[in-house]
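Here is the structure we will look at, set down as structure tokens.
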Amino acid sequence: MINVLTPDIYNKIAAGEVVDRPYSVVKELVENAIDAGATEIVVETERGGKGCIRVTDNGCGIAKEELPLAYASHATSKLSSAKDLFAIRTLGFRGEAVASVAAVSRMQIVSRTAEKEAYSLACEGGILGSVQPAAGAEGTCVTVKDLFYNVPARLKFLKSDAQEEADIAGVMARFILSRPEIAFTCLADGKMKYRSFGDGLSAALVAVYGAETLKNCTEIRAEKHGIRLYGFLGNRNFYKANRTYQSLFVNGRYVVNQTVGAAVSNAYASYLMKRQYPFYVLFLDVPPEIVDVNVHPNKADVRFADNQIIYGCVYSIVSAVLDGNSRALEYLANAPAAAPSSMQEVPAAAPAAVEREMSYETAKATLAFDVRMPQAPPKLYDAPPARLEVRQPAAAAPTPASSEDVFAENQRFLREQEHRARQERVDPASLEYKGELFQTYLIYQAGDDAYFIDQHAAHERILFDRLREKTEHRAVVSQPMLVPFVLSLNAQEFAFLEKNFSVLRELGFEAEEFGDTSVRVLAVPADLMGIDLSAFFREVLFSMESLRAIRLADILKDRLATAACKAAVKGGERLTAEEAKQLIERMDGDVGMKCPHGRPAVVKMKKSELEKLFKRIV
Ligand code: ADP
Ligand code: MG
């Protein structure tokens, strides 16, 4: 007799595929937050995720009427036709994670889209509750309690709280690395595990592995046959005792892939002994058409249309860098001769998709690689126990930055590093203004160098520094508002703000209790006049909530400066030649400048590079 499985049973089985441990729940929920476009994600766990897992994001949210759909199996907003399967750009696409987790836990989703109120919907062991109005910021907060409470067989397979917590840390470490533009906060039993600020890959590397590791790595950025490889390679004498310090992200997704793993290991082979494993955090971006992500239920591997091309590219780039031969200069992100340490070299103009495909096709046709393809199975490389490694990402997480000290130390290191980078200056007087492009980029020439300045990024940076300095020295001017602004908060948010009235006052806000859980803002820092105060406080509250363990004043200062920048810098505005001149004067020749989010404000191009493009020189 053939039974059609009821959705209840089906989901429990599917849960075994998608979620078998707390860390896989964390992974699925964080992927959803990323797919929702979140820029801040907070992950809280209790008892290694067995007691509670909560993921809060500031993404697009789920509309009230779609909340039940989020729990439905095979319901996804990310894929509508089979054709889409060939060009997946989101992390999720199967539409089964939420349903599977909900079938084996007590789950609650509180979500709010841009304009609407927040709503919540709970689900207990697969039984859906009803949609209720709720309190919550824009974005989504998913809470999973008592995982596997109704599947005793699975409960037995869980490891100790400490091991589960370590595995979660491993997953989070990889998210922090793969999404350096997102600010992550990870708390385990109320203690800070990781904290990143969404300010770039080196900062993310430091947040996960500490400053020492960054010092022992070489940053690469290479492009070959339409395939991009970038990230950090451990120096030849910076090896590890196991393979867990190796992270590969293909099109933004963490994977364990034999082809790439072998290419990197073999490139290191002549420098490392047996049982010495290289450290690397590498990103491989390939056209989505030539990679199949749909091979593994855990989505932990990918299949390339042509392994040889991928192998060849990765091997030749990594070995050129390790061998330190002249080709390496092309691949080093901070090549000493080619580019001063802080300079963001002009990346080879990103070719259009078609061109990229063509150059890949050409490569495929000719297989014109200057690499040694391994004939026999390579010496040092044995097939990675993919399954095993996926199951134990824990060791990849080095001792997480658990104390405030480490955190402060990392911040200090990054500031120093940036300071060093910003030593790279040109004499502002030598910069000759040549014009403007797309109402965004100012063009300057100094001798044989051309500089493109992103006027908004530069302006934002200047303002940010100025405002941070002001808040640092408490030189903020407070300005009373004509009409006081009333913030209605929930009890928790109110408690946060109330505790910090004095901090707010120091920074130029005059705020007081107003009724039950509301706060009335009577004055704001002059620089913030005219900004959307409710949006501003929502952002501050979001951070405050995630930052129980570190100084709120610091966060507020950052937020203040960022908000003021947003208020002050408008996009797509044409600057007059006079304004352009003022901007460059205020930059004071600082061509290593980055915007507050870590993007370069200046890009340099040498005359010789231009000549290369025109084939005047080779
Ligand atoms: P998938 O991610 O494969 O689409 P999931 O079961 O993980 O499937 O999620 C189902 C749907 O619920 C998603 O397609 C999305 O529309 C919605 N969703 C889940 N989590 C979030 C979130 N944090 N923010 C916004 N939407 C979400
Ligand atoms: Mg998903």
Side-chain angles (χ1 to χ4, degrees), residues 7 10-20 22-44 53-82 84-85 87-105 107-123 126 128 131 134 136-144 147 171-172 174-175 178-179 182-185 252-254 293-300 542 546:
Y10 171 82
N11 283 335
K12 277 191 191 174
I13 299 171
E17 294 266 302
V18 184
V19 293
D20 53 354
Y23 81 79
S24 34
V25 175
V26 170
K27 177 172 163 289
E28 293 292 339
L29 299 186
V30 173
E31 285 188 351
N32 283 346
I34 293 174
D35 284 345
T39 55
E40 298 206 27
I41 298 175
V42 182
V43 176
E44 296 162 279
I53 296 171
R54 175 175 295 128
V55 175
T56 311
D57 69 60
N58 65 348
C60 64
I62 307 171
K64 178 189 178 189
E65 54 281 9
E66 305 226 304
L67 270 176
L69 272 180
Y71 282 105
S73 54
H74 303 301
T76 175
S77 53
K78 300 163 195 175
L79 199 69
S80 54
S81 74
D84 295 348
L85 260 177
I88 290 166
R89 283 183 194 278
T90 52
L91 294 165
F93 51 86
R94 291 183 170 82
E96 59 190 342
V98 172
S100 309
V101 177
V104 296
S105 69
M107 188 162 175
Q108 191 199 33
I109 303 182
V110 180
S111 195
R112 191 177 130 184
T113 57
E115 64 270 37
K116 308 259 173 53
E117 293 298 301
Y119 291 94
S120 80
L121 180 57
C123 188
L128 212 54
V131 177
E138 193 177 325
T140 304
C141 175
V142 181
T143 310
V144 174
L147 184 64
V171 166
M172 290 313 301
R174 269 156 187 157
F175 276 123
S178 67
R179 301 293 161 148
I182 297 177
F184 284 100
T185 305
R253 189 190 295 268
Y254 172 71
V293 294
N294 200 5
V295 290
H296 198 280
N298 267 341
K299 296 174 279 178
F542 188 90
S546 59

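Reckoned from all heavy atoms, side chains included, excluding hydrogens, waters and symmetry mates. Start at 1 and go down the list; that is how both ligands and their atoms are numbered.
Near Ala70, meaning under 4.0 Å from any of its heavy atoms, are these atoms of ligand 1: 10 (C), 12 (O). Interface atoms of ligand 1 facing Val98, defined by a heavy-atom separation under 4.0 Å, are 5 (P), 6 (O), 7 (O), 9 (O). Remark: ligand 1 atoms within the under-4.0 Å shell around heavy atoms of Ala36 are 24 (N), 25 (C).
Side-chain contact between Tyr71 and Met107 is present, with heavy atoms from C-beta onward closer than 4.5 Å. Looking only at side-chain heavy atoms (C-beta outward), Asn32 and Val142 stay at 4.5 Å or farther from each other. When side chains are defined from C-beta on, Val43 does not count as touching Phe175, because their heavy atoms never get closer than 4.5 Å.
Considering backbone and side-chain atoms alike, Cys60 places every N or O at 3.5 Å or more from each N or O of ligand 1. Of the N or O atoms in Ala97, one or more lie within a sub-3.5 Å distance of an N or O in ligand 1.
Here the side chain of Asn58 pairs a donor or acceptor atom with the backbone of Thr39 at under 3.5 angstrom.
The shortest separation from a heavy atom of Glu96 to ligand 1 is under 4.0 Å, placing the residue in contact.
Closest to atom 27 (C) of ligand 1 by heavy atom, among Ile62, Asn32, Asp57, is Ile62.
Shown here are the side chain to side chain contact (heavy atoms under 4.5 Å, CB included) partners of Glu66, two or more places apart in sequence or in another chain: Ile62, Ala63, Leu69. In this view, Ser111 and Thr140 satisfy the side chain to side chain donor-acceptor pair (under 3.5 Å) rule, not counting sequence neighbours.
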